[in-house]
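Let me begin by presenting the structure, written as structure tokens, before commenting on it.
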Amino acid sequence: MTQINKDKPVMITGATGYVAGWIVKNLLDEGLAVHAPVRDPKSKAKLQYLNAIAADAPGTIKYFKADLLDEGSYAEAMSDCELVFHTASPFKIDVANPQRELVDPAKLGTRNVLEEANRTLSVKRVILTSSCAAIYGDNADLQNTPNGVFTEDIWNTTSSLEYNPYSYSKTVAEKEAWQINKRQSRWDLVVINPPLVIGPGINPHATSESLKVVKQFGDGSLKTGAPQVGFGVVDVRDLADAHVKAAFTPGARGRYIISGHNTDFPEMAAVLIDKFGRDYPIPRRVMPKWLVWLAGPMVNKAMTRKWVSLNVNRPWKGDNSKGRRELGATYRPMKASMVDFFQQMIDSGTLPSRKA
Ligand code: NAP
């Protein structure tokens, strides 16, 4: 049982990121003192959205300079904190050097932050933002699960540096975290495993892969049809609530799949039709697998033929019952997340304001 004192500062890595933005907002709204180590604490452009939410909240935010690959750089920000959120990790699919761009920051960054927790005697709990990518590699992996559903007991064994390297980076980073945690007993580790995150960001111009995925529904990339690829999705606001619940629930333990809905690309497109279907080329058809197989690799380097055969026309099913039961995680309808996200993309100019 871990009780966190809300009078102490709370550290969060990756505060400038899409997922972390709403966690920071929750903490500020609770009146907490947030320590935000970021790569560039002088960047007005990057910090303006966090500063805007801090201006309206009872809590405070203080920036520190740190980098995942710079050993010891989290010391000052972590000093006196009981609670640490580690969200920072690159979420990119198209990379030239997966070791350098994904695995090193994910794994060495996790080691850097958690070893700092070992040295910082005030730390009682670390919340790690892992991913469902650390649970499965391809939708085909669902066949090998004991009950036809992904649960917290399952680990991704099919991704590698060469194939699905982002998923591999999340798997090795989470394993590293558990190993470091098990060597000591002062701080506990609670891991959040979200699937694809959707919904409006605190920063409307976020660079997360989430935006790229949902933007495709409106920019014409999928006008011939959406591939039948199963996904889990969770709203970024519900995910932030779950992180904060995990932090302040004394008995929280282990991994939590925080996933609102088992869905797929065509269903995600369908919930946009009512409001945006007149003005945007929202996909209305399913792209046949043979066409994805032929065209996919030309459109997206990561969409290899192997990936297509192991993911297209295959469902995704995740079990979110542990998070509902132990953390009280709740989920809004997927339509609300998709519509709010799409609208934010129009308002921010990410999507053109008229028919594409
Ligand atoms: P994001 O918007 O790209 O945020 C990534 C954050 O990591 C940014 O704050 C970035 O800082 C920071 N970062 C990257 N490299 C760093 C480095 N070398 N040193 C210090 N900070 C560094 O991505 P996101 O979608 O919010 O992802 C956040 C977390 O959620 C990641 O752990 C990701 O794996 C996980 N996740 C995301 C999704 C999703 O669908 N979005 C799903 C499952 C899990 P800068 O601002 O300086 O670049």
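Basis for what follows: all heavy atoms, side chains included, without hydrogens, waters or symmetry-related copies. Numbers here are sequence positions counted from 1. Atoms within a ligand are numbered from 1 in the order they appear, just like the ligands themselves.
Across all their heavy atoms, Ser159 and Gly137 have their closest contact at OG-CA, 3.5 Å.
Taking all heavy atoms of Tyr166, Tyr18, Tyr74, Phe231 into account, the minimum distance to atom 36 (N) of ligand 1 is reached by Tyr166. Counting only non-hydrogen atoms, the option in Pro105, Ser210, Ser208 that gets closest to atom 3 (O) of ligand 1 is Ser208. Looking at Gly109, Ser130, Ala133, it is Ser130 that brings a heavy atom closest to atom 44 (C) of ligand 1. Closest heavy-atom approach to atom 40 (O) of ligand 1 among the candidates Val197, Ile12, Val233: Val197. Between the choices Ala173, Pro194, Ala36, Ala206, the shortest heavy-atom distance to atom 43 (C) of ligand 1 belongs to Pro194. When the heavy atoms of Ser89, Ala88, Gly14, Pro90 are ranked by distance to atom 5 (C) of ligand 1, first place goes to Ser89.
Of the charged side-chain nitrogens involved, none lies within less than 4.0 Å of a carboxylate oxygen, so that Asp70 and Lys65 do not count as a salt-bridged pair. Lys25 and Asp29 are joined by a salt bridge, as a carboxylate oxygen and a charged side-chain nitrogen come within less than 4.0 angstrom of each other. Contact check on Arg332 versus Asp238 returns a salt bridge, with a Lys/Arg side-chain nitrogen under 4.0 Å from an Asp/Glu carboxylate oxygen.
Atom 42 (C) of ligand 1 has Pro195 O, 3.1 Å as its closest protein atom, hydrogens excluded (heavy atom only). Considering only non-hydrogen protein atoms, atom 9 (O) of ligand 1 sits nearest to Thr16 OG1, 2.7 Å. Here the heavy atom of the protein found nearest to atom 27 (O) of ligand 1 is Val19 CG2, 4.1 Å. Atom 31 (C) of ligand 1 has as its closest protein heavy atom Thr87 O, 3.2 Å. Taking atom 47 (O) of ligand 1 as the reference point, the nearest protein heavy-atom neighbour is Arg39 NE, 3.0 Å. Looking only at heavy atoms of the protein, atom 30 (O) of ligand 1 is closest to Thr129 CG2, 3.5 Å. Here the heavy atom of the protein found nearest to atom 19 (N) of ligand 1 is Leu68 N, 2.9 Å. Summary of contacts: the protein heavy atom closest to atom 18 (N) of ligand 1 is Asp67 OD1, 3.2 Å.
When non-hydrogen atoms are compared, ligand 1 lies under 4.0 Å from neither the backbone nor the side chain of Ala106. With a 4.0 Å heavy-atom cut-off, ligand 1 is reached by the side chain of Lys46 but not by its N, CA, C or O. Of all the heavy atoms of Trp22, none lies under 4.0 Å from any atom of ligand 1, so neither backbone nor side chain is involved.
Within the listing of ligand 1, atoms 2 (O), 4 (O), 8 (C), 9 (O), 26 (O) sit less than 4.0 angstrom from a heavy atom of Gly17. Counting atoms of ligand 1 from 1 in the listed order, those under 4.0 Å from a heavy atom of Ser131 are 43 (C), 44 (C).
In this structure, Leu196 is part of the shell of residues with a heavy atom less than 4.0 angstrom from ligand 1.
Side-chain heavy-atom separations under 4.5 angstrom define the hydrophobic clusters, and the remaining members of the one that includes Ile154 are Ile135, Tyr136, Leu142, Phe150, Ile257, Trp316.
Both cation-pi conditions hold for Arg255 and Trp155: the charged atom is under 6.0 angstrom from the six-membered ring centre and inside a 45 degree cone around its axis. Cation-pi geometry between Lys6 and Phe248 is satisfied (NZ or CZ under 6.0 Å from the ring centre, within 45° of the ring normal).
Taking the six-membered ring for Trp and the full ring otherwise, Phe342 and Phe217 have centroids separated by 6.0 Å or more. You'll find the ring centres of Phe341 and Tyr18 inside the 6.0 Å limit.
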Kindly list each side-chain donor-acceptor pair under 3.5 angstrom involving residues 75-85, sequence neighbours excluded, with atom names and distances?
{"unit_1": "Asp80", "atom_1": "OD1", "unit_2": "Lys8", "atom_2": "NZ", "d": "3.0"}
{"unit_1": "Glu82", "atom_1": "OE1", "unit_2": "Asn5", "atom_2": "N", "d": "2.8"}

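Checked by atom type and distance alone, the side chain of Ser131 never pairs as donor or acceptor with a backbone atom of Ala134 at under 3.5 Å. Judged by distance alone, with hydrogens and angles left aside, the side-chain atoms of Asp235 form no donor-acceptor pair with the main-chain N or O of Tyr331 at under 3.5 Å.
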